[in-house]
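Below is one structure; the comments refer to it alone.
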Protein chains: 2
Amino acid sequence: MSGMSTDKLLIAAAAALLDSGGESAVTLRAVGAAVGVSHNAPYKHFKDRSALLAAVANDDFTMLTNAFAKIRQSSSKPLIKLQRALKAFIEYGQKHPARYRLLYSSPDLAAPGGDLEKIAFQSFVEFAGIVQEAQSSKDLPDVPNAALTGLLFASVHGLIDLEAGGLMRKEKGLSSATGTMALLIDLISRAGTK
Amino acid sequence: MSGMSTDKLLIAAAAALLDSGGESAVTLRAVGAAVGVSHNAPYKHFKDRSALLAAVANDDFTMLTNAFAKIRQSSSKPLIKLQRALKAFIEYGQKHPARYRLLYSSPDLAAPGGDLEKIAFQSFVEFAGIVQEAQSSKDLPDVPNAALTGLLFASVHGLIDLEAGGLMRKEKGLSSATGTMALLIDLISRAGTK
DNA sequence: ACCTGAACACCGTTCAAGT
DNA sequence: ACCTGAACACCGTTCAAGT
C-alpha cells in the first residue's frame, strides 16, 4: 500500500469509498483522509473531483476489457463464452453498483473524444466480438452484429441497473439478471439464423 | 399558475429544474426562488429535498400509469398496443431524462413499502397487462408473463438509460431505442408460442 | 515537485421568530 | 397555518504559502 504512488492511492481510496458508501461518500476530504493527505492534495494529481472519478472508471473499463478479451480467447464454445462474459459483467455490477453506475450511468463523465470514451469503446468491441462468434456458429440469429450486440448490451445493462436500484422487489419475474438474460438468449436463438 | 397551491407550485418548479438543469440544479434555494418563497419554505410542505423529488416522481408515475391504461383499453391490436406503450415510455425518457432517472435509477428514493413504490408498481402492472394480451394473441411467446415483462422492461430501460447517458455515440447499432426494441420483439415473436 | 491551511461560494437542514 | 432570516455543518474549489 505504502509502495503505491499518491495518485494510485487516491484512486484506490475513491474506489473503496464508492463501494462502501456510494458516490456521495466520495468527498475529496474523505479521499484525502483515507490516504493521509489534506483535502486538496488531490488537486495536485487530478484536475478536479470528476477527473479522479474518471480515473477510477478508466481502471474498471480496462479490467472489464481484459476480462472479455480473456474469455473471447478461451477455447469454450461461442454460446458459453457469451454466457461467461455476461456473468462477469453482471457480477461486477452486483459487487460494485456505485462503480458500475460510474461507468454506464454517469453522463457527465463520458466526455466525447476523451480517453475514457476510447477505453469504454474497447470493452464494447470485445463484447461485440464474442457476440459475433455466437452468430458465426449459428447460435444467434444472423442480424447485423452491431444491432444484436446493442440489444444484448442494453438488456443486461437495464437488468443490472434495475437490480442496483432495488427495482426488482415487487416486480417478480425480474428476479435474477442472469436468469432473464438466459431467457432472452433462449428466445432469440430460437429465431433461427435467417 | 398563481391559482395553484404552494406545494403544487414547488413540485412544478422542481420538475422544470430537473428538465432544464438536471438533478443537481434542483436546490431548495432555486426551487424557492422560482416560486417566490424563501429557501426553506419547502420544509413546510415536504419533509426534505428527497420528499419533494419523490412528489415529482409520484406525479410522473401516475401519468405513465394512465398512459399505459389508456393504451391498454384502446381497440388496437395487442402488438400495436405494446409498440405504442414502448413508444410513449421511450419518448418520456428522451424528453425528460433527469426525471426518468428519478423514477428508475434513484435507489435512495424508492423506499420499500412507501407510496412511491405502490404507484410505481401500478405502472408496471399496466405494462404487464399489455404484454399479457400480446401473449394471449400468440404474438409473443408463451413463457411466464412476469419473466417476459421483466425482460422487455429491462431492455427498454437499458436503452433509455444508455441513450440518456450519451453512451450510443460510438457504439452504433444502439442507434435508436425504438429500433432496437422493434428488433427484440421481432426476434422473440419468431420464437413461437411454446 | 508536492503539500498545507485559510478562505470563498455554495449546499441541506435546523431553529427561533415573525404574521 | 405559513413563512422568513440567521446560523450550522458540510461540500468543491481557489490561492497564497510552505518544504
Side-chain angles (χ1 to χ4, degrees), chain A residues 1-58 98-99 101-102 106-111 114 116, chain B residues 1-58 98-99 101-102 106-111 114 116:
Chain A
M1 269 259 268
S2 310
M4 293 170 71
S5 57
T6 304
D7 50 350
K8 298 291 178 194
L9 287 171
L10 290 169
I11 294 172
L17 284 165
L18 278 167
D19 286 341
S20 61
E23 216 228 89
S24 65
V26 188
T27 68
L28 294 183
R29 282 161 172 86
V31 171
V35 175
V37 294
S38 79
H39 69 281
N40 46 25
Y43 285 97
K44 311 304 164 184
H45 302 272
F46 303 95
K47 182 176 167 283
D48 54 20
R49 179 177 179 274
S50 262
L52 172 59
L53 291 176
V56 175
N58 206 304
R99 282 156 70 178
R101 285 234 157 122
L102 191 66
S106 301
D108 302 337
L109 273 203
L116 195 56
Chain B
M1 265 259 270
S2 311
M4 293 170 71
S5 56
T6 303
D7 51 350
K8 297 292 177 191
L9 287 171
L10 291 168
I11 294 172
L17 284 165
L18 279 167
D19 286 341
S20 60
E23 217 228 91
S24 65
V26 187
T27 67
L28 294 183
R29 281 161 174 87
V31 171
V35 175
V37 294
S38 78
H39 71 280
N40 47 25
Y43 284 96
K44 310 304 162 182
H45 303 271
F46 303 95
K47 182 175 167 283
D48 53 20
R49 180 178 179 273
S50 262
L52 172 58
L53 290 175
V56 175
N58 206 304
R99 280 155 71 178
R101 285 236 158 121
L102 192 66
S106 301
D108 302 335
L109 274 203
L116 195 57

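Owing to the predicted nature of the structure, the values given are computational and were not obtained by experimental measurement. In what follows, chains carry the letters A, B, and so on, assigned in the order in which the sequence lines appear, proteins first and then strands, with residues in each chain numbered from 1.
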With a 3.5 Å cut-off and no angle check, do the side chains of A:S50 and A:D48 form a donor-acceptor pair? no
Margin query: We want to know whether B:S106 and B:D108 form a side-chain donor-acceptor pair, criterion being a heavy-atom distance below 3.5 angstrom.
Written below: no
Over all strands shown, is [X] touching base, sugar-phosphate only, or nothing at heavy-atom distances under 4.0 angstrom?
X: A:D48; value: sugar-phosphate
X: B:V26; value: sugar-phosphate
X: B:H45; value: sugar-phosphate

Can you figure out which of [options] approaches the side chain of [X] most closely?
X: B:K44; options: C:dT13, D:dC3, C:dA6; answer: D:dC3
X: A:N40; options: D:dC15, D:dG5, C:dT13; answer: D:dC15
X: B:T27; options: C:dC11, C:dG5, D:dA7; answer: C:dC11

- prompt: Do any N or O atoms from the side chain of A:R99 and from the backbone of A:V56 form a donor-acceptor pair under 3.5 angstrom?
  reply: no
Could you tell me whether a side-chain N or O of B:R101 sits under 3.5 Å from a main-chain N or O of B:G22, the two making a donor and an acceptor?
-> no
* Asked: If only side-chain N and O atoms of A:T6 are considered, is one of them under 4.0 Å from the OP1 or OP2 phosphate oxygen of C:dC3?
  -> yes
Could you tell me whether the phosphate oxygens of C:dT13, OP1 or OP2, come under 4.0 Å of any side-chain nitrogen or oxygen in B:Y43? yes
Checking N1-N3 plus N6-O4 or O6-N4 for Watson-Crick, or N1-O2 and O6-N3 for wobble, each under 3.5 Å, the partner of C:dT14 is D:dA6
**Spacing of the C1' atoms in C:dC11 and D:dC8 (rounded, Å)** = 12 Å
A:H39 NE2 to C:dG5 P, in whole Å, measures 9 Å
